[in-house]
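Structure, as structure tokens:
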Amino acid sequence: MPKARGGVDVKTAGSYERIWAVVRRIPAGRVATYGQVARIAGLGGAARLVGYALHALPEKGHGVPWQRVINSQGRISQRGLGGPEEVQRRLLEREGVHFDLRDRVDLARFGWTGRRAQ
DNA sequence: ATGCTGACTATGT
DNA sequence: TACATAGCCAGCA
């Protein structure tokens, strides 16, 4: 199986696999935006697809830290009634990610650089 | 091939 | 800061 930077399996068919592979690289205590993940996964501006891929993630999550992906405003994207937004926030707070009074994360502090944990 | 959809983003007011 | 719009692009029917 051919691999490339970061050990991401490039040959795998669907974009989902690639997206999940990128998300798995996000270290605990850090967050990345949908657009950022899309770009690193080689999907250009398909930020929306990232959300779509995470939504299609099996419950087990395959060990993918889906909670570390938030939108460019530093907020948890809402997906409707009964969504796991609360769980996501709790998981992040447990990793040390701080939410301000407006439920936003300071991307300048907790944003993932795409390289290593700062 | 065509059109619709979505856990988005950048830009303007 | 908040809301509205237009642009995005892979999946799926």
Side-chain angles (χ1 to χ4, degrees):
Chain A
M1 287 278 245
K3 291 194 173 184
R5 344 166 239 186
V8 176
D9 188 332
V10 178
K11 190 190 174 201
T12 305
S15 300
Y16 290 4
E17 295 288 336
R18 292 165 61 182
I19 290 172
W20 298 338
V22 172
V23 175
R24 272 193 289 260
R25 289 165 50 189
I26 305 172
R30 290 278 160 184
V31 295
T33 66
Y34 294 95
Q36 186 177 13
V37 171
R39 187 161 49 77
I40 296 174
L43 295 174
R48 309 187 69 153
L49 189 64
V50 174
Y52 204 48
L54 294 180
H55 182 68
L57 204 57
E59 292 233 4
K60 291 295 181 183
H62 277 311
V64 178
W66 56 273
Q67 74 273 21
R68 295 176 193 150
V69 183
I70 60 180
N71 63 37
S72 66
Q73 291 174 27
R75 328 181 79 165
I76 292 175
S77 291
Q78 302 297 307
R79 34 303 216 189
L81 205 63
E85 297 91 348
E86 292 295 325
V87 176
Q88 178 169 18
R89 173 169 176 155
R90 236 182 21 188
L91 286 172
L92 288 176
E93 293 183 319
R94 200 159 83 181
E95 295 180 347
V97 176
H98 173 74
F99 283 79
D100 65 20
L101 295 175
R102 284 188 194 143
D103 305 312
R104 295 195 308 189
V105 172
D106 182 351
L107 292 176
R109 275 185 61 193
F110 302 103
W112 179 42
T113 63
R115 293 174 181 283
R116 62 170 67 178
Q118 294 169 16

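We use all heavy atoms of the structure for the numbers below, so side chains are in, but hydrogens, waters and symmetry mates are not. Note on naming: letters A, B, ... go to the chains in the order of the sequence lines (proteins, then strands), and numbering restarts at 1 for each one. Since the structure is predicted, the reported quantities are computational estimates derived from the model, not experimental observations.
What separates CD of Gln36(A) from P of dT9(B) is a distance of 10 Å, to the nearest Å. Residue Gln78(A) contributes atom CD, which lies 13 Å from atom P of dC3(C) at whole-angstrom precision. One atom, CG of Leu107(A), and another, P of dT9(B), lie 10 Å apart when rounded to the nearest Å. The nearest whole Å value for the distance from the NE2 atom in His55(A) to the P atom in dC8(B) is 11 Å. In this structure, the CG atom of Asp103(A) is 11 Å from the P atom of dA2(C), given to the nearest Å. Look at CD on Gln73(A): it is 10 Å from C1' on dC8(B), rounded to the nearest Å. Per the geometry, OH belonging to Tyr52(A) stands 15 Å off P belonging to dC4(B), to the nearest Å. Atom P of nucleotide dA7(B) and atom CG of Leu54(A) are separated by 11 Å, given to the nearest angstrom.
Residue contacts shown for Arg75(A) are absent, as no nucleic acid heavy atom lies under 4.0 Å away.
Listed nucleotides: dC9(C), dG7(C), dG11(C). Nearest to the side chain of Ser15(A): dG11(C). Among the nucleotides dT1(C), dA7(B), dG6(B), the one closest to the side chain of Arg104(A) is dT1(C). Ranking dA7(B), dA10(B), dG11(C) by closeness to the Ser72(A) side chain, first place goes to dA10(B). Distances from the side chain of Arg48(A) to the nucleotides dC8(C), dT9(B), dA7(B) place dC8(C) closest. If you check dT1(C), dA7(B), dA10(C) against the side chain of Leu49(A), the one that comes closest is dA10(C).
His98(A) and Phe110(A) have tilted rings, their planes meeting at an angle from 30° to 60° on a 0 to 90° scale.
When Ile40(A), Val37(A), Val31(A) are each tested for a side chain to side chain contact (heavy atoms under 4.5 Å, CB included) with Trp112(A), only one passes: Ile40(A).
Listed for the Glu95(A) side chain is no donor-acceptor partner under 3.5 Å among the backbone atoms of Arg68(A).
Regarding contacts with the backbone of dC8(B), a side-chain N or O of Ser77(A) is found under 4.0 angstrom from either OP1 or OP2. Look at Arg79(A) and you won't find any side-chain N or O under 4.0 angstrom from OP1 or OP2 of dG6(B).
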Steps toward side chain to side chain contact (heavy atoms under 4.5 Å, CB included) verdict (Tyr16(A), Leu54(A)): CA-CA 8 Å; Tyr16(A) 290 4; Leu54(A) 294 180; over 6 Å; no
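By the rule that hydrophobic residues join a cluster once side-chain heavy atoms approach within less than 4.5 Å of another member, Tyr52(A) and Ile26(A) end up as members of one cluster.
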